[in-house]
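This report concerns only the one structure given below.
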Number of protein chains: 2
Amino acid sequence: MSIVDDRLPRYQRLRDLIAADIAAQRWAPGQTIPSEAELASIHGVAVGTVRHAIDVLVGEGLVTRVHGRGTFVRRPAFDQSLLRCLRIPELEPGAKPVLISRILERASLKASPEVAERLELPVGTDCIRLVRQKLVERRVLRGEEIWLPKARFAPLLTVELASIGHDLYPAFERLCGQLVATAEESLTAEAIGAEHATLAGVATGQPVVVIDRLTRGYDRQPLEWRRVRAPASAFHFRREIR
Amino acid sequence: MSIVDDRLPRYQRLRDLIAADIAAQRWAPGQTIPSEAELASIHGVAVGTVRHAIDVLVGEGLVTRVHGRGTFVRRPAFDQSLLRCLRIPELEPGAKPVLISRILERASLKASPEVAERLELPVGTDCIRLVRQKLVERRVLRGEEIWLPKARFAPLLTVELASIGHDLYPAFERLCGQLVATAEESLTAEAIGAEHATLAGVATGQPVVVIDRLTRGYDRQPLEWRRVRAPASAFHFRREIR
DNA sequence: CTCCATCAATCATCTAGAGGAGTGAATGGA
DNA sequence: TCCATTCACTCCTCTAGATGATTGATGGAG
């Protein structure tokens, strides 16, 4: 797949080798990779060079170091998702709100040109479409339309809806063996059309934020395309510029 | 101001020292700091430790390294601003659109509770309020309301409006000697009220994005609080999650 | 059983170098 | 004048260690 370029510095080549091993799931997410001393002796370089390579991987978010324990393959940080910028209404002070999800539709469909482009598939490829709401205490937090390539996610069509659960990514892993590695998100806002208003839980014409998410596996292929609509009033995003 | 903590590792202390010198404008933005070898001999540490300290500063965006030339004090990257996510309508293909700004109001006012909180000033402190539009070929791109502490920005009240120019931050520097170091931005969306619709160039009730920006100087004090409204249809933001 | 000291494994910090590679200015010949 | 070479300066890569800090497991004392 990815050939290591001899002209690169050693720490870069080492980074590529380790990254390839992670991609090949040689070490599962949450588990440690070999210790720095081990990697140094395996690859015949100094520990400093191994540290440099791992520094790069840490910067890229592929691994995390824990002092005294080891270096761990990291799961992607979905707590940084734009979806986390949707304020959850606090019903009772102190009570932890419970997020429920309700799947309203599940169907096998052919990829439209738009879906095909997003999922990087030929038009007409078999796909799965899920329509889902996220709820907090019976109130709609957001509405979601999800597209998945059927080839990878066929089990989702046949299992009981209840067994999918409220979080999709664990289900991807449990039922279909698909691990999420990265995601790209984009954000726009619009006045919601009648066709989406009910799903998002707002009145037609109200302002909503539209969050698109494309998740990719460790092989960099698209796994899921999702379009989310939520009331604009609930959305608040912050960032720092330096 | 900031006391260097002896318990911290050397590279961290060194980072703090260098950062303090940058904050004190000992080296101007765009200029080099002393070479790694020099810093090592000045502070009596190994070059590796200096490199580590500078690695941290690079990660924080305070400096940039250029191979063979030196390490430079960096200006903040405002090309990452959310304001850059506003699509500029392309009127003629190939033609580079010209951004014009028009100051509609300029006044000296007392800080309201909200303004005071944002600028971290006592309520009632003298401030300057600017109301401004950004235009592309006579079309409104966004509307802005800007608050500045009068103590730092008094010259802006008396100069000719034309001499402020289209970009605010160069004017801050040129006319008031104020350098922008960092900014915090936040984003929400709403249906625009009648009081802001004209400024933002949209009809009342249309969806707009609201971008708040607080800029700070190298002394970490707030310099400017700005609230921007722009048509939601023009806004598009992307990010990657790893 | 609980608490605490010990210990091995692991990452973190730091040193002191050698040699490589990119940059820009000075130099000198065509 | 123009261009290639040289050279000093800078950051970059890499080595081979020593020592410190953190963690989790183990085993003994109370």
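Every value quoted in this text rests on a predicted model; they were computed, and no experiment measured them. First the proteins, then the strands, lettered A, B, ... as listed; each starts at 1.
Nearest to the side-chain atoms of Tyr11(B) among the listed nucleotides dC14(C), dT15(D), dT13(D) stands dC14(C). Of the candidate nucleotides dT13(D), dT10(D), dA12(C), dT13(D) has the atom nearest to the side chain of Arg51(B). Nearest to the side-chain atoms of Thr71(A) among the listed nucleotides dT10(D), dC11(C), dC11(D) stands dC11(C).
Atoms CD1 (Ile54(A)) and P (dT13(C)) sit 14 Å apart, rounded to a whole Å. A straight line from CD of Glu36(B) to P of dG20(C) spans 18 Å, rounded to a whole angstrom. Between His43(B) atom NE2 and dC14(C) atom C1' the separation is 16 Å, expressed in whole Å. Between the CZ atom of Phe72(B) and the C1' atom of dG22(C) there is a distance of 12 Å, rounded to whole Å. For the pair Asp55(A) CG and dC12(D) C1', the interatomic distance rounds to 14 Å; values are reported in whole Å. As rounded to whole Å, 17 Å separates atom C1' of dT13(C) from atom CZ of Arg15(B). Across the protein-nucleic acid pair, Arg65(A) atom CZ and dT13(C) atom P stand 9 Å apart, rounded to whole Å. Ile33(A) places its CD1 atom 15 Å from the C1' atom of dA9(C), with the value rounded to the nearest Å.
Using a 4.0 Å heavy-atom cutoff across all strands shown, Val66(A) reaches sugar-phosphate atoms only and no base atom. At a threshold of 4.0 angstrom between heavy atoms, the contacts of Thr32(B) with the nucleic acid are absent.
OP1 or OP2 of dT13(C) has not a single side-chain nitrogen or oxygen of Thr49(B) nearer than 4.0 Å. For dT15(C), the OP1/OP2 oxygens have a side-chain nitrogen or oxygen of Arg10(B) closer than 4.0 Å.
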Problem set entry | Check against salt bridge (charged side-chain N to carboxylate O under 4.0 Å, His left out), Glu60(A) and Arg74(A) | CA-CA 10 Å; Glu60(A) 293 174 338; Arg74(A) 186 166 157 273; over 6 Å; no
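No side-chain donor-acceptor contact under 3.5 Å links Trp27(A) and Gln25(A). Side-chain polar atoms of Arg213(A) and Ser81(A) form a donor-acceptor pair below 3.5 angstrom. Gln178(B) and Tyr169(B) form no side-chain donor-acceptor contact under 3.5 Å, judged by distance and modelled atom types alone.
With rounding to the nearest 0.5 angstrom, the CG atom of Leu223(A) is 5.0 Å from the OG1 atom of Thr215(A).
Side chain His67(A) to base dA12(C): no donor-acceptor pair is found below 3.5 Å.
Each of Gly68(A) and Gly70(B) was matched to the nucleotide of DNA chain D holding its nearest heavy atom; the match closer to the 5' end belongs to Gly70(B). Judged by closest nucleotide on DNA chain D, His52(A) is the one of Arg69(A) and His52(A) placed further toward the 5' end.
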